[in-house]
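Reminder, nothing fancy here: chain letters follow the sequence lines and each chain counts from 1. Computed from a prediction, not measured in an experiment: that's the story for all the values here.
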There are 4 protein chains.
Amino acid sequence: MVKPATPPPKRRGRQRSVAAEAAILKATLELLGKKSLNDVTSEDIARKAGVSKATIYKWWPNKNLVALDAVGARLAIDLMVPDTGSAKKDFTRHLKDTIVFYKSPMGRQLCQFLAGGQNDPEFLDLFRKRFLKPRRDSLLVIWQRGVDRGEIRREFDGELVLDLIFGPMVYRLMAGHGPLDEQEAVAITEAVFCGIALPIDD
Amino acid sequence: MVKPATPPPKRRGRQRSVAAEAAILKATLELLGKKSLNDVTSEDIARKAGVSKATIYKWWPNKNLVALDAVGARLAIDLMVPDTGSAKKDFTRHLKDTIVFYKSPMGRQLCQFLAGGQNDPEFLDLFRKRFLKPRRDSLLVIWQRGVDRGEIRREFDGELVLDLIFGPMVYRLMAGHGPLDEQEAVAITEAVFCGIALPIDD
Amino acid sequence: MVKPATPPPKRRGRQRSVAAEAAILKATLELLGKKSLNDVTSEDIARKAGVSKATIYKWWPNKNLVALDAVGARLAIDLMVPDTGSAKKDFTRHLKDTIVFYKSPMGRQLCQFLAGGQNDPEFLDLFRKRFLKPRRDSLLVIWQRGVDRGEIRREFDGELVLDLIFGPMVYRLMAGHGPLDEQEAVAITEAVFCGIALPIDD
Amino acid sequence: MVKPATPPPKRRGRQRSVAAEAAILKATLELLGKKSLNDVTSEDIARKAGVSKATIYKWWPNKNLVALDAVGARLAIDLMVPDTGSAKKDFTRHLKDTIVFYKSPMGRQLCQFLAGGQNDPEFLDLFRKRFLKPRRDSLLVIWQRGVDRGEIRREFDGELVLDLIFGPMVYRLMAGHGPLDEQEAVAITEAVFCGIALPIDD
DNA sequence: CCGTAACCGAGACGGTACGTCACGTCTTCCA
DNA sequence: TGGAAGACGTGACGTACCGTCTCGGTTACGG
């Protein structure tokens, strides 16, 4: 799956089992709903998927990448970006949704992956490419629209804007040092858009 | 050390070896400069400190908490907060310094700890209490001064302000999806203070 | 090996490595020739056998039972019982051989096992079943022939006869309080067969 | 205790605590009634005796020798040898008593010591000198009387006679492969005195 | 009658082996 | 020839007991 690329052009012998792959991803996803990434063992996955451990390692170089695919495949679906006509509203809306999802047991994976990536640069890289990048690219659309409509100042890089908005969420998700709910989402976008400085209304 | 609490004024029996504790923390710190937290084994620490593994486990429930103490003890020193007369300048200054430190090999620990904490709530909790909290409390002073001087709007919670400023840094440190240097530090505080929205008026 | 029971006619998956098992037993045997049973560590065995410690513990519950199998497998070979036509000569002959063997560095295992068994009833039980019993059963043949030929009084239990002959040897082997050589072997069987009492010749 | 030898001619400083020593021996003895020798840890003894571990190691080189002293001190008392006028009766009587004692929970120490001695020649040596030798010397008296009275053939060494009688018991105590009771005691001495061979004459 | 040496309890220490766990690889047989 | 079963080597884990070593404090001799 990591390198699906070209669909197999027909090979001799038994063909790769699509069922096995699906079972592996499904099992991984379910397990990740219950345990943290590194409490899920490769044997857990194999057993639950009714699959051999060797089959897993045949197609993925390690456990983490299985999880990445499992979560990635799933989230590819629900990538939809609001378009209310206001960048601020769009960001607020998306931030709220994102927070709700990532706080759910099924959604802690973002943190798990970031955590896993700290000890595995290769994995972190893939995580960015296959997980983060697509989402961020979608969100950049909001930013671009905002800039185009004259809602957002041009001098700030789009990437930076995303980090200004989602960085605080990521921080709180990972460190858990403060509340994280719809109210915070509103406050964050409000602050990012309007700034925390008092107008120097001399 | 994890629970030093009240240092008992006089205890019977052989006193806990200060040398051993110091050696453990020192060794841990040095090892953390070279390897990631979970590549440092308890035996590494024991060997390098010239200490028995059992001694480590007598005082710390696991390796992570040793590392926490090691780093904590060290950083307790260099907690100093700028005071230029401008909250924005103070935050910018501190953000720059912090970025430099956390990007150094010796400073990756913040990420390691956040990563470790994802699989160990108890550890995460302690990390917040003993590592995060003191730093944040110090930084709140900057915010408070800003509010008092009329530089910062009262309606934003101080904790939120910290996350607005440091969240983006944490995010980039952990995910590595974008650059992180002095220039970014300036851009972040600029954006957080002034907002990314275009003034509507003209 | 500890519970080979019925060798399953065909099993799925990778078969248990005969080479590994043989290497383990061989290594154990060699180590036992040099050190006492409890100076031989499981890591010694693993290293010398080029095998993982986990593999050892997969098949044997502990080190002692490995040793038991190692020695047992070896001694299964040289179980041969003399048949000179005289029970007394047979016993004497066998006692001599046995003494020579058990006094050799490679043969101290009987004592090691008896020693180990004092702290582990389960091990002692297995030692009896897999080590002692077969040897004693073989030796009972000598006794039976003696009874059949009218050389030995019927009123003594065969088991008791074995203990009368081998008990003194075991005692001296373990306690080391007296010499133990061919001469003693002769004296023991002589005494056991003819008694130490003076005939009341009147 | 191990080397009391000459009572100290008066030393400066605090005197050795008789109470501590007694407590250690008492505690050891009680623990040996419940657990096997090497399940009794030095800390068990220290705790139960209300004594410091260092105090133990100050006077005894290791745990086993403490146990030896503990048991030795106790058994020094009940060394009494029957004198019925018949060596065979005397031996039978003593064998019965001995079996009863050694089969009791408190009396398993003989086996424990022999077991412990297999890995510690020095300990085994001391065990022989301080435990075995005195008992055997006492029992030799029975043998000597038997010889003097013309009950026992002169050509057998006294030491050998003891092993003929007590070897089977030791063997069964340690290996547990056969019953051991009064009946066996009678059978053993009967066999040893009269021999197991059928008289050839008729 | 005071100093000092030898003792004592408590308990921390370095060391060594234990048996367990998860990883990712390898081997065998079956479909 | 792909895949399930499952055994394998590796290497870290945290625990247990050993016998040693400080501590602070307690006798009791000898000056």
Geometric cation-pi criterion, B:R16 with B:W60: 6.0 Å, 45°: yes
Separation of F:dG14 atom C1' from B:D120 atom CG, nearest Å, is 15 Å
The side chain of B:A20 lies closest to which of these nucleotides: E:dG9, E:dG14, F:dC21? E:dG14
Nucleotide F:dC17, atom C1' - distance to CG of D:L37 in whole Å: 13 Å
Assign each of B:K63 and C:K58 to its nearest nucleotide of DNA chain F by heavy atoms, then name whichever residue's nucleotide is nearer the 5' end. C:K58
Whole-Å distance between F:dC18 C1' and D:I45 CD1? 12 Å
Between the side-chain atoms of B:S52 and the base atoms of E:dG15, is any donor-acceptor pair under 3.5 Å? yes
Does a salt bridge link A:K48 with A:D44, judged by any charged N lying under 4.0 Å from a carboxylate O? no
Looking only at heavy atoms, what is the nearest atom pair of D:L37 and D:F113, with distance? CD2-CD2, 4.0 Å
From CD of A:E21 over to P of F:dG2, roughly how many Å is that when rounded to an integer? 15 Å
Quick one: D:N64 CG to F:dG19 C1', roughly how many Å, whole number? 13 Å
If the cut-off is 4.0 Å, is D:W59 near the phosphate of E:dA6, judged by side-chain N/O to OP1 or OP2? no
Point-to-point distance, once rounded to the nearest 0.5 Å, from CG of B:L65 to CD1 of B:I56: 12.5 Å
With respect to the phosphate group of F:dG14, does any side-chain polar atom (N or O) of B:Y57 fall under 4.0 Å of OP1 or OP2? yes
Hey, is the side chain of B:S42 poking within less than 4.0 Å of OP1 or OP2 on F:dC13, counting only N and O atoms? yes
Charged N-O contact under 4.0 Å between C:E30 and C:K34: no
Round to a whole Å and report the spacing from CZ of B:R14 to C1' of E:dC8. 17 Å
For E:dG14, does either OP1 or OP2 sit under 4.0 Å from a side-chain N or O belonging to B:T55? yes
Here the distance between atom P of F:dG6 and atom CD of A:E43, to the nearest Å, is 11 Å
Roughly how many Å is it from CZ in D:R47 to C1' in E:dC8, rounded to a whole number? 18 Å
Any base atoms under 4.0 Å from A:K53, or only sugar-phosphate, or nothing? Heavy atoms, all strands. base
Tell me what A:V40 touches on the nucleic acid: a base, only sugar-phosphate, or nothing, going by heavy atoms under 4.0 Å. sugar-phosphate
With distance as the sole criterion, do the side chain of C:S17 and the base of F:dA7 form a donor-acceptor contact below 3.5 Å? no
So A:N38, base contact, sugar-phosphate only, or nothing? Heavy-atom distance under 4.0 Å. nothing
Would you mind classifying the nucleic acid contact of A:A54 as base, sugar-phosphate or nothing, using non-hydrogen atoms under 4.0 angstrom? base
